[in-house]
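Written below as structure tokens is the structure these notes are about.
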Amino acid sequence: MITVEMRGITKRFPGVLANDHVDLDLYAGEVHGLLGENGAGKTTLMNILFGLYQPDEGEIRVRGEPVTIHSPADAIALGIGMVHQHFKLVPPFTVTENIILGLGGWGFIDLAAAQREIAAVAAQYGLDVDPTARVQTLSVGVQQRVEILSSLYRGAEVLILDEPTAVLTPQEAESLAITLRRMAEMDKTIVFISHKLEEVLRVTDRVTVLRAGRVVYTSMTRDTDKATLAREMIGHELTSLERAKVLALAGDEDAVLSGTTGASAATNNAPNLIEVRDLHVRDDRDLPAVRGISFQVHGGEILGIAGVDGNGQRELVEAITRVRPIQSGQVFIAGEDATHWKARDFIRHNAAYISDDRHRDGLIFNFDLSRNVTLKVFDQQPFARAGLLNFPAIVRFARDLIARFDVRAPGPHIPAGKLSGGNQQKLVVAREFSQNPRVIVANKPTRGLDIGAAAYVHEKLLEERARGVAILLVSSDLDEVLLLSDRVLVMFNGQSMGVLRRGEADPQTLGLMMAGTPLTALRVQEKVS
Amino acid sequence: MSTTTADTAGTGTAERAPLPWRTLWDNVVQAALSLVLALVVGGALLLVSGRDPIAAYRSLYYGAFGTTDRFTETLVKATPLLLVAVSVSICFRAQVWNIGAEGQMILGAIFSTWVALHVKGLPPLLHLVLAFLAGALGGLLWSLIAGVLKAYLQANEVITTSMLNYIAVYLLAYLVRGPMMDPQGFNFPQSPLIPEELELPRLIARTRLNVAFLVALAAVLLALVFWRSTWGRRTEIVGASRRVAAHVGLNVPRTILLATALSGALTGIAGWGEIFGLHFRLIEEITRGFGTLGIVVALLGGLNPIGMTIAAFFFAALVVGGNAMERNANVPFALVDVIQGCVILLVLSRAYLFKRSSS
Amino acid sequence: QEEVPKVKVALILPGRADDVSWNQASFEGMNAAVEALEGEIEVELTVVEQVYDPVDIEPALLDYAQQGYDLIVGHGFQFQEPIIKVAEDYPDVNFAIGTGFKMAPNVGVYDVKLEQGGYLMGLIAGYLTKSNIVGVVGGVDVSEIHRGHVAFVLGAQAINEDVKVLSNFVGDFNDLAGAKEAALSQIKAGADVLWQSGDGIGIAVLGACEEEGILCMGNVANQNEIAPENTLASFVYDWGPVYQQMIEETVEGTFGNKYYWIELANEGVSVIYNEELAEQYIDEELQAALDEAVEGFIEGTLDLGDLDAYKLE
Amino acid sequence: MNWDLITVSFVVGVLASAVRWAAPILYAALGEVFTERAGILNLGLEGIMLMGALSGFIGAYNSGSLWIGLLLAALVGMAMGLLMAFVSVTARANQVVAGLGITILGGGLSTLLFRLFFGLRTRPPTIKTFKVHSLPLLGDLPIVGEVLFEHNVMVYLVFILVGVAWVVLYRTRFGLALRAVGERPEAADTRGLNVTALRYISLMIGGAMAGLGGAYLPLADLGIFWTQMTAGRGFIAVAVVVFSRWDPVRALWGALVFGGAAALQTALQTLRAPIDSELLLMLPYIVTIIVLVGISRRAEFPGAFAVPYSRGEK
Ligand SMILES: Nc1ncnc2c1ncn2[C@@H]1O[C@H](COP(=O)(O)OP(=O)(O)OP(=O)(O)O)[C@@H](O)[C@H]1O
Ligand SMILES: Nc1ncnc2c1ncn2[C@@H]1O[C@H](COP(=O)(O)OP(=O)(O)OP(=O)(O)O)[C@@H](O)[C@H]1O
Ligand SMILES: [Mg+2]
Ligand SMILES: [Mg+2]
């Protein structure tokens, strides 16, 4: 049964045709994959279905009835729910408060009853959440469950998930997949947006590919494959060489990159560029987050930090990049004691930092691209002379970066907030790589990137490594860590569970360590058995 | 946490070089339309209260522009408005909602008058410069109180600066009745006159237009340069996001302090200008309304130096003309306030009200 | 038929013309003067209210001067400096300052001997108090208000050695609620007769006395009706005669360089009693003291000394 | 300094005076708690209070009923709140300036209308105010009785409203929605709440309460209307809200702290403390800053404080 029909949906933004006569059918009981490069128009299309944006043209029917969806309230009334890429929860509220928000009139709240109901719905779909917890204390994965629960509690028949797995650990992604399948069995309709092709093939029943705002391909999932999807996403305008490369990437990135990944450029006498000694750091709530970590990263080496989100990775990175105070222990950058540096000293020592939260830390959304790419260098030659800004130089620099890093934007003067998520990330990466750094600290650098862009960033990281740069790479994406790292340190509860060399690191061992088993204990077990 | 307030008034954040002329033009057109609307509303009120709107507005226009004398009065009034606007625009772009211009002006007046009265034996020009610097220092220190409380103790500046305004008013009241009172003044609440040679030269004889006006124009130039400078850029980044600013290596508290200090100094100079250009002695109530109107001017000018110059001039004309209207067309004083309030609210809503006309 | 001379007069008030006090007295006095002069001098009068800020005063003066007004009256001490400045440039225009001490050939100062009222009210309060505590509330400690408060202290002490005089300033002429609290605070401290030095806040003081049932006195206008059960007397100003004199002198060309006082001697000020209450409270001894003081003021034999220099702690 | 004037009765008087100072401020502050919780900074309270004072006075004067005066004050306050809502929510203008504009407008309009209604008079029109009622039993308590339970009905009403505001804010779905709108409007929006409507309502509540706070002065305290009679109480109310950290109960304490400072300042003058009156008059404002600094590190502003909301769709 068709639940939603979108016909001829067109949406224009200044300088961009985000959706161009899009037709989309959604059936009850299916998980529908929505694919496309960064900026293809996926989020826009779904925002229209959810009533956040109004289409310029086109028609929507829900269960056969033509409807106009003016606002999320209308969408909810039609049984449509959406979980955004950037969660829309009220952090200081409890789970229950977030879920009942906007429901049941204006009168008194019966908290106990609400909690009971929520627990019931949660049980029905196998979603594990504590209804009394404050959202700001929850991990990203749990927050996502709260969002899903919130839609289901509202009686959503159609649930849109915008890149739900981008922020999840493999385990969390797996449990999400199970939940989605279960919902499909209950005849719900699910729209699943993702850049991870394997996942899409595994989880969905049908897929639609958007390119430059247009639907270019729709198929039953079982009738398609990675290569086809990748080709449809990228389109035919590319040179055959590029296409071959991207297709290869989509098929087996490892193989393509093997030429560079194989051997680390680091030799024993390569300088030790990042060093951390017995580091202790506290989190925003002033609780210990990093508890005695030590490691070194040499020039020409990538050290991966694997771990389930929220085990102190962010605090570790922020302490090294000097945006967070150090409780005790020491940090050395390029041989210098950086423990008492400021963020500015870190930057001045030719060190780059890609934060995992571009919204909060990386970009200023209402600054245009040229301002954003020069945030760290505007007061240096040639962008400033005698304390005055050199606007032509700044704009030239921005144009150049935008072109080199393939940021899809109408020009250097549009606000960063108007870019699609993936292109925002590219902008951050471009900025950080632009100054030929000696040290790179990257926290989830490919978050939200499409396959082409992610591969590009990976390639860049390896190029930098080849230049002799020391790279600290934090990621909850195991594939990424395994693909790029020379060594992998697994973090659990603020401590190191041990360091694995390339080759030693297999997903299973990593999984155990990420769950809190130290490597030494594993080795002991091995010997015993 | 900071009090962040987005301004819709077209603060250029694009790297299209310093001045977004197109936005500026839109602003001017929209502002003109809202002014017309405000005058229509005011005209209706005039009719209701039994006055002839045409005659009233004629006297408003005459009062602001009718003769050279009237016109210079408009410029005289524009002087402190412009200085205050430029000053607060720096804070506002740093998202520091400093509404303490009133108090900072008072402190500027106090400091500079003190130097004029108590420092002896300097050549006049040097003495005047010293008084000028003292005025800047007075404003700077007063604004730094709020700046320090904000930068290091996260005390909301809207509150601290408005409280500091009251405190400054009473401090001035105390000084002109106590330590700084004119001993020959029959107990009147005022200081002695400053030495005559320190009075600012008039630009046009027999009018009140004086050198302070040029200082205000210089402040506009300074602002134009400031926003092209790295210091200005740092200020803007800190204003846009404290967190990003910290991540890109800026010293956020220091930038906030510098912005409040610069802003306070400019406002202090406005206080200096009022004393040395117009009153020549410390009296009470010298600053009434400038704080508020200066803020209004800053935002109506889109925090843009050129925009603010236009807005300052416009508001000065409105005030000077409004007063004339009150005197000569027998319009109740309260109606002038009402029209002013309407102008502010309508001009603020201009982007919404006249969306279509400019796109 | 003799031609009636014409005079253009501008009266600039720092507050509202209906403030039942300082400004209203001026407004009514000027209207009375204009009326009294009818037939003799044709006065074209313009009144403007709420010109309070020094920044607005000078432009107003300039504007009137340029428009050919003959007499410009600034009703408050804040007009002194601007008038002195502008008068220099417009020697053909006459200016009058309401309370001040500076003058020029075309500038005169008119003022009220509020100290006379303060002293008389002090006598009444000091005599009638049972608690030996009396109080006075004012807006801002300035010029004639200061003199009035000081004289109140002197008057009370002259008749009652043991009296304690409380004095509060509200800091804002419009903060009526604050004035009422100040009065209540004095009453709580034991004061049982209050006076006030006028302006809007005076009404609030009378209200407080009415509420607490104690005696009080009015100022500037006849305020006996505002709290008829409690207001024993009012010290009333009549600016009419001096305004009339100033206009006449403007026509004659003799205006300027002098003080125009309203005082008991020229009946510019007077004490108006609330008959009913007066009968009840003012005994012979008090009446005698009052009469003596009034006489002393009129004859010039009662000298309170330099009130400006006296500090109210 | 007259130490001997300090009697029990005097001290009780100072405390009761603090309560009276606090009452009108508290009305406005309670409303502003709602407004700011919804993410709007309304700096126009001063102007709205003046309009409330005027309309309350006119209503009571013409109808002879103080309650009708109050009703009118609340309605007019609400209308002023609507105006602020249009400018700050619909037109998305800067809230600091919008508030200052409302203050100028309210000040001018209240004076103008007063003159239009009553003309130039020799004696100000007056009304009888709410009488002081000593509460049964409670009013007889020593000291506490006189400080807290010997007031006019508007004082008791505002105490009750503190509780009502607390319940509405924390125990109802409306309060939850309002707080969400101020904390994270996009969350409220995606849950089907109308951010614009809720912000309008919050400003109307704030306006109505400021109207009542303004009306307190002529109806419960003075019996007359006076130009600018609020004398800065609206700005104080805004300060009280910030240092109450957006909580109705703490707003009560905040208003009492300010009221206490003001009453203390008056008392010190009465006692002839050896400080100039001008310096004493600074006291309440200095206390306000000190208290604010004391709590600021803990002051979590509503997440979307003073930020206009739009869906980002142009
Ligand atoms: N609010 C907006 N204003 C202007 N342009 C916008 C806005 N939202 C999206 N766009 C533009 O519309 C296009 C489609 O954006 P959209 O966010 O739908 O892409 P997407 O397919 O979700 O990409 P991604 O994979 O990077 O999330 C992009 O070019 C983007 O810059
Ligand atoms: N607020 C600020 N935040 C970050 N950097 C700043 C700030 N102000 C100045 N700087 C940097 O400091 C450099 C010198 O500025 P300035 O002389 O004012 O500071 P300084 O205290 O001498 O700093 P330094 O430690 O670099 O000598 C500037 O080029 C600029 O890069
Ligand atoms: Mg997207
Ligand atoms: Mg240096």
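Order of the sequence lines fixes the chain letters, A, B, ..., with proteins taken first and strands second; residue numbering starts at 1 for each chain. Keep in mind the model is a prediction, meaning the values are calculated, not measured.
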If one checks every heavy atom of Ser277(D) against chain B at 4.5 Å, the contacting part turns out to be neither
Rounded distance [0.5 Å steps], CG in Leu293(B) versus CG in Leu100(D):
9.5 Å
Taking every non-hydrogen atom, the tightest pair across Gly101(D) and Ile344(B)
CA-CG2, 3.8 Å
Which atoms of Leu116(D) are under 4.5 Å from chain B, going by heavy atoms: the side chain, the backbone, both sets, or neither?
side chain
Report the distance from atom CG of Asn94(D) to atom CZ of Phe92(B), rounding to the nearest 0.5 Å.
7.0 Å
Looking only at heavy atoms, what is the nearest atom pair of Met163(B) and Ile289(D), with distance?
CB-CG1, 3.6 Å
Chain D contacts, top residue of Ser49(B), Ala334(B), Gly341(B) (heavy-atom pairs, under 4.5 Å):
Ala334(B)
Run the side-chain contact (heavy atoms from CB on, under 4.5 Å) test on Val158(B) and Phe235(D) for me, step by step, so that the C-alpha distance in whole Å, both residues' side-chain angles and the decisive distance to 0.1 Å come before the verdict.
CA-CA 10 Å; Val158(B) 174; Phe235(D) 290 103; over 6 Å; no
Within-4.5 Å side-chain heavy-atom neighbours: Asp337(B) and Thr111(D)
no
Options Ser162(B), Gly50(B), Ala173(B), ranked by heavy-atom pairs under 4.5 Å with chain D, top entry:
Ala173(B)
Counting heavy-atom pairs closer than 4.5 Å to chain B, which one of Leu83(D), Val293(D), Leu105(D), Ile102(D) comes out on top?
Leu105(D)
Rounded to the nearest 0.5 angstrom, the CG-CG distance for Leu175(B) and Asp276(D) is 10.0 Å
Has Phe117(D) got more than 12 heavy atoms of other residues, nucleotides or ligands less than 6.0 Å from its CZ?
no
Measure the spacing between CZ of Arg92(D) and CG of Leu348(B) and express it to the nearest 0.5 Å.
13.5 Å
Turns out that what part of Leu164(B) lies under 4.5 Å from chain D's heavy atoms comes down to both
For the CG atom of Leu279(D) and the CG atom of Leu171(B), what is their distance to the nearest 0.5 Å?
7.5 Å
For the ring pair Phe86(D) and Tyr352(B), is the centre-to-centre distance below 6.0 Å?
yes
By a 4.5 Å heavy-atom criterion (distance strictly below it), what part of Leu149(B) contacts chain D: side chain, backbone, both, or neither?
side chain
Where on Leu113(D) is there a heavy atom nearer than 4.5 Å to chain B: the side chain, the backbone, both, or neither?
neither
Is Leu43(D) close to chain B through its backbone or its side chain, or both, or neither, when contacts mean heavy atoms under 4.5 Å?
side chain
Rounded to the nearest 0.5 Å, what separation is found between the OH atom of Tyr174(B) and the CG atom of Leu281(D)?
13.5 Å
